[in-house]
There are 2 protein chains.
Amino acid sequence: MAAPREDGLKYERVLNALRSRIADGTYPPGMMLPSQSRLVAEFDVSRPTVIEALRLLRQEGLIESQTGRGSFVRGKVPTLSLERAYPGQRLLDLAESESLAELLQAGIIVAPTRVTTLLELPAGSKAFLRQYVLSDEDGPVELVSAWFPIDLVTGTKLTSPEPMDEGIRRHLYGRKRLRLDYAVERTLARSATADEAQVLKVPAGAPVLNLVVTGHDADGRALQLVDAVLPGDRHELRDAYPLT
Amino acid sequence: MAAPREDGLKYERVLNALRSRIADGTYPPGMMLPSQSRLVAEFDVSRPTVIEALRLLRQEGLIESQTGRGSFVRGKVPTLSLERAYPGQRLLDLAESESLAELLQAGIIVAPTRVTTLLELPAGSKAFLRQYVLSDEDGPVELVSAWFPIDLVTGTKLTSPEPMDEGIRRHLYGRKRLRLDYAVERTLARSATADEAQVLKVPAGAPVLNLVVTGHDADGRALQLVDAVLPGDRHELRDAYPLT
DNA sequence: TAATCCAACTTGACATGACAGGTTGGCGAA
DNA sequence: TTCGCCAACCTGTCATGTCAAGTTGGATTA
């Protein structure tokens, strides 16, 4: 009666089965799923287990349920969505695995006002900067600057120009007991600076999309700022999600 | 033992109580919540009910749970997040309640390529456009264009220049049985066109942030396109969310 | 024929009980 | 003193059963 721990969780088995039936068209959009009691019979699990699987499908936007009627397949949200919804989340992760990036500089320099403001540092103070460019086959597509308050990085491996062997987050937690808790993401359009234009190989003053993401600990203190600049006319951010 | 339907659901009572204790600092960030069994005793509900409340708190990013240890209060995500995560969702809603907006035009005109492509219409075809400007005390801040395929709006009240008395979505569903199922959102930076510059009162060619949101039905057909242009240097999109 | 009522389904909300497996702190042995 | 073991907690998962409430379609009635 208890739990077959080996081959995965029961609600996951139901979840995966239903998800793939939706994906391969066995249950086309608009169709009603088998009722909960029917699923109970088919998968030989209890109703709460079925309900858990349906809840997750609903959360993924794949189905919707109406009491008294049933659960129905929704249209296909072009995958991705959900987990990778926030571009900024990708950026914070990126600062950890900079595999395909070319490091431009790593060092302590005077931070621009925008950075000191968001990191809550005194104006004119210095901060640690790691900056790199991401490219695809057509050339540079993204200029990423990761800023850290100095007191966070002194005595850590962040200051060395070599790639990090462990993630930044784990590193900060190990050394300073600091954990990122939430992020604030700002999106704006502006003209490229001369430096940016040169690195990204766009005309000076060309419109660029600028993402500024700050990572905060549970007390609201800003621990990290990642600034991404991408050429506005050549790249766009795309995101898909279900409507309710 | 069954259900006091009148005064709200039990898991909601627990949820609200815990949420307000987190909000008012009774449970400060980092603190461990009372264990599930303690909450069962305090609220006089069953454990599944407590678990449901905790699940929702976790989903809101307010707490995090570790098996074997307990549930812990996370830092304050500056509210909003969650529901209002997608700027595009706001835009699709906006097209329904255009209270504070000034209507610039409403009519059928030849659609630009970008619009016909995304709405999957033949190049050069006409489409229905409703266009308005949103302003705040400093002047115009957003130029919004809502496009619809012609066959969707003929015979509906959408073509009249008066504000709609019922929402666009409900209207479409009532007349044509069409339901928006998911949205695709694109964010890019570009230079303002002459028209846009004039309406938004920015210099010609100034960088603008451009959101293009398409609403699709369950079959993937694009039913609606909303294009928002905002002056890049004066306004930014901001979003906050928990990190996991 | 048309309106009404009801039985059969369906989802949602809970209670109770049970076991698995991670975490922690204290106690006793080396 | 230090290491290792173990009992006490804690969350996660799952089964079984109950009741409420919305929906639907067919039988009954006016």
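Naming: A, B, ... by sequence-line order, numbering from 1 per chain. Hydrogens, waters and symmetry mates are skipped; everything else that's a heavy atom, side chains included, is used.
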- L9(B) has its side chain closest, among dC14(C), dC10(D), dT10(C), to dC14(C)
- Gap between atoms CZ and C1', on R55(B) and dT11(D) respectively (whole Å): 13 Å
- Any chance you could measure R21(B), atom CZ, to L62(B), atom CG, to the nearest 0.5 Å? 14.5 Å
- Query: Would one find a side-chain N or O of T49(B) under 4.0 angstrom from OP1 or OP2 of dA15(C)?
  - Reply: yes
- Can you check whether S35(B) has a side-chain N or O nearer than 4.0 Å to OP1 or OP2 of dC10(D)? yes
- Please figure out whether E52(A) or Q66(A) has its closest DNA chain D nucleotide nearer the 5' end. E52(A)
- Message: Let's see if you can work this out: which of dT18(D), dT10(C), dA15(D) has an atom nearest to the side-chain heavy atoms of R47(A)?
- Response: dT18(D)
- Message: Between C1' on dG12(D) and NZ on K10(A), what's the gap in Å once rounded to a whole number?
- Response: 15 Å
- Task: Grab the CD-C1' distance between E64(B) and dT11(D) for me, whole Å please.
- Result: 13 Å
- Message: Quick check for you: among dT11(C), dC10(D), dT11(D), whose closest atom lies nearest to any side-chain atom of T67(B)?
- Response: dT11(D)
- Below 4.0 angstrom, N of the basic side chain to O of the carboxylate: do E64(B) and R55(B) qualify? no
- Item | Rounded distance in Å - CG (L15(A)) to C1' (dC14(D)) | 16 Å
- Query: What is the nucleic acid contact for I51(B), judged by heavy atoms within less than 4.0 Å: base, sugar-phosphate only, or nothing?
  - Reply: base
- Message: Side chain of R38(B), heavy atoms from C-beta onward: which of dA15(D), dA15(C), dC10(D) has the nearest atom to it?
- Response: dC10(D)
- Message: Can you measure D44(A) atom CG to dT13(D) atom C1' for me and round it to whole angstrom units?
- Response: 16 Å
- Task: Respond yes when some side-chain nitrogen or oxygen of Y11(B) is under 4.0 Å from OP1 or OP2 of dA13(C), and no when none is.
- Result: yes
- Message: So which atom in F43(A) and which in R13(A) form the shortest heavy-atom distance, rounded to 0.1 Å?
- Response: O-NH2, 3.9 Å
- Distance check: side-chain N/O of Q36(A) vs OP1/OP2 of dG12(C), anything under 4.0 Å? yes
- Nearest-nucleotide 5' precedence on DNA chain D, L54(B) against E12(A): L54(B)
- Query: V45(B) and K10(B): which non-hydrogen atoms are nearest, and at how many Å?
  - Reply: CG1-CD, 3.8 Å
- Message: How many whole angstroms separate atom CG of L39(A) from atom P of dA15(D)?
- Response: 13 Å
- Query: Does OP1 or OP2 of dA13(C) have a side-chain N or O of R13(B) closer than 4.0 Å?
  - Reply: no
- Using only heavy-atom distances, determine whether the side chains of R47(A) and S37(A) contain a donor-acceptor pair under 3.5 Å. no
- d(CG, L33(A); P, dT10(C)) in whole Å: 12 Å
- Task: Check the distance between dT10(C)'s P and R69(A)'s CZ and give it to me in whole angstrom.
- Result: 13 Å
